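Take a look at the structure below.
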Amino acid sequence: MTAPPQSRRAVQFSRFGPPDVLELVTEPLPTPGPADVVVAVAAAGVNFADTMVRRGEYRRDQQLPDVPGVEAVGTVVWAGPGSGHVVGTTVAAFLTEGGGYTDHAVVAGRRAYPVPADVAPVTVAAGFLQGITAWYAVDRHGRTRPGETVLVTGATGGVGGLAVQLAADLGARVIGTASTPAKRERARELGCAGAVDPADPDLRGTLRDLTDGRGVDVVVDMVGGPVFAAALDALGHNGRYVVVGSSTQQPAVFDARRLMPRGQTVSGFILRRIIDADPAEPGRAITHVLDRVAAGAVRLRTETFPLADAAHVHTLLEERRTVGKICLVP
Ligand SMILES: NC(=O)c1ccc[n+]([C@@H]2O[C@H](COP(=O)([O-])OP(=O)(O)OC[C@H]3O[C@@H](n4cnc5c(N)ncnc54)[C@H](OP(=O)(O)O)[C@@H]3O)[C@@H](O)[C@H]2O)c1
């Protein structure tokens with residue numbers, strides 16, 4: 001294609017609010033720059049943070065109207081001369097400013113990563129942002145080693161399910177939190193040796209019992225809030241606590257002096273900031289996650305919905321009714 005398409009279908013919102021502010025519209029395609037590509041989207045990944053963006057709770061500089069969605073997988077149908085891409089390439093793209101819930105996304109070429117064309121787009125989307133996040137948490141920040149014990153909170157969520165599998169793949173023993181019996185069963189299927197209810201009034205004691213009082217080596221925390229204190233108490237000597245998310249959106253507060261006696265560390269990261277600083281940075285993580293998927297060591301559970309169902313999908317996420325990765329398929 002020599003010229004990008006003139007218009008596109010996109011899910012947008014013109015005011016912050018509940019899921020029904022999301023509406024499917026046909027709009028002019030934003031003008032791509034010389035360093036951009038236009039991607040015909042085959043799968044737009046949905047992430048929990050998109051619900052916060054919709055409520056106006058994620059970024060201070062957010063403009064309206066806005067199209068949510070920070071990741072999209074598809075085919076390059078137009079490539080700017082300075083984009084570094086050619087038409088026809090299959091890419092997974094980060095849209096750090098949003099714009100993914102559409103059939104045609106305008107993406108900075110340096111944030112579009114070529115991916116194998118023979119892997120289903122929803123599979124790539126499921127392993128992409130959440131996969132990289134899970135791998136950074138388990139490997140880079142958690143420094144998980146074979147034989148160690150890893151606690152993953154929100155173990156059946158998008159990031160959580162991947163963190164469980166990637167940690168188990170490294171040879172770790174994994175314990176997960178999950179809020180319903182069905183989710184706990186799913187956590188075990190994913191590879192958790194133990195699955196616990198985050199609302200357990202004696203979560204501390206339960207986690208200690210599961211580790212024979214020794215504590216866990218790594219916590220990968222997607223949930224924060226009330227689970228944080230119990231999970232931090234469950235951290236053993238030389239333990240690493242990785243703050244990945246805050247699904248509860250409640251504070252996770254502690255006295256840093258308590259880290260000293262046991263030589264513990266607490267760290268956190270935001271993938272978007274890492275990519276803003278150096279878009280090439282996640283390349284190794286993407287390759288690792290997709291390799292482990294190809295090897296069958298990591299299995300991705302995905303569910304797809306049409307673009308028009310974006311509001312329904314946000315409701316499911318906010319009501320904690322999803323398991324695994326949700327994608328919008330134009
Ligand atoms: N740091 C980063 O770069 C980065 C990147 C991606 C995602 N994240 C964050 O990581 C977290 C998980 O993201 P995700 O995309 O995997 O989301 P997800 O698929 O919706 O999973 C979220 C999990 O959190 C749990 N949860 C606990 N309290 C909740 C509440 N009040 N509302 C909704 N869920 C609740 C749910 O499990 P139970 O119902 O079993 O408790 C659910 O499985 C989010 O906070 C997200 O913002 C951070």
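Just so you know, ligand 1 is whichever comes first in the structure, and atom 1 is the first atom listed for that ligand. The shown structure was predicted, so the numbers you read here are calculated from the model rather than taken from an experiment.
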N/O separation below 3.5 Å, Phe269 to ligand 1 | yes

Protein contact of atom 15 (O) of ligand 1 - nearest heavy atom, named by residue and atom, plus distance | Gln130 NE2, 2.8 Å

Counting heavy atoms not belonging to Arg272, are there more than 12 under 6.0 Å from its CZ?
-> yes

Protein contact of atom 20 (O) of ligand 1 - nearest heavy atom, named by residue and atom, plus distance = Leu317 CD2, 3.4 Å

Any N or O of Ile270 that comes nearer than 3.5 Å to an N or O of ligand 1?
-> no

Protein heavy atom at shortest distance from atom 19 (O) of ligand 1 | Gly158 N, 2.8 Å

Considering heavy atoms of the protein only, find what lies nearest to atom 6 (C) of ligand 1 and give residue, atom and distance to 0.1 Å.
-> Leu129 CD2, 3.6 Å

Say whether Asn47 and Glu71, considering side chains only, have a donor N or O and an acceptor N or O under 3.5 Å apart.
-> yes

Among Val21, Val25, Asp20, which residue meets the side-chain contact (heavy atoms from CB on, under 4.5 Å) test with Glu23?
-> Val25

When you look at CD of Glu319, are more than 12 heavy atoms from neighbouring residues, nucleotides or ligands closer to it than 6.0 Å?
-> yes

Of all the non-hydrogen atoms in the protein, which one sits nearest to atom 40 (O) of ligand 1, and at what distance?
-> Ser179 N, 2.9 Å

For the pair Gln62 and Val53, evaluate side-chain contact (heavy atoms from CB on, under 4.5 Å) and give the outcome as yes or no after the intermediate values.
-> CA-CA 8 Å; Gln62 203 177 323; Val53 167; 3.2 Å; yes

Nearest-option assignment for atom 22 (C) of ligand 1, heavy atoms, candidates Gly154, Ser247, Gly324 | Ser247

Shortest protein contact, atom 21 (O) of ligand 1 (heavy atom only) = Gly157 CA, 3.5 Å

Sub-3.5 Å N/O-N/O distance, Thr177 and ligand 1 = no

Numbered in order shown, the ligand 1 atoms found under 4.0 Å of a heavy atom of Gly245 are 9 (C), 10 (O), 45 (O)

Quick one: do the Asp50 and Tyr101 side chains pair a donor with an acceptor below 3.5 Å?
-> yes

What orientation do Trp135 and His288 show, parallel under 30°, tilted 30 to 60°, or perpendicular over 60°?
-> parallel

Distance-only donor-acceptor pairs under 3.5 Å for side chains of residues 113-128, two or more places apart:
unit_1	atom_1	unit_2	atom_2	d
Tyr113	OH	Pro279	O	2.3

Atom 41 (O) of ligand 1: the protein heavy-atom neighbour that sits closest, reported with distance to 0.1 Å | Arg320 NH2, 2.9 Å

Val159 and ligand 1 - part of the residue with a heavy-atom distance under 4.0 Å | both

Ser246-ligand 1 polar pair, N/O distance under 3.5 Å = yes

Number the atoms of ligand 1 from 1 as they appear, then name those within less than 4.0 Å of a heavy atom of Leu271, with their elements.
-> 2 (C), 3 (O)

Looking just at side-chain N and O atoms, do Thr51 and His314 make a donor-acceptor pair shorter than 3.5 Å?
-> no

Mind checking whether Phe48 and Val313 sit in one hydrophobic cluster, side chains of I, L, V, M, F, W, Y counted as touching below 4.5 Å?
-> yes

For atom 48 (C) of ligand 1, the protein heavy atom that lies nearest, with its residue and separation | Val244 O, 3.0 Å

Can you establish whether the number of heavy atoms outside Arg262 located under 6.0 Å from its atom CZ is more than 12?
-> yes

Should you measure from each heavy atom of Thr248, which atoms of ligand 1 turn up under 4.0 Å away?
-> 28 (N), 31 (N)

Give the numbers and elements of all ligand 1 atoms closer than 4.0 Å to a heavy atom of Lys183.
-> 37 (O), 38 (P), 39 (O), 40 (O)

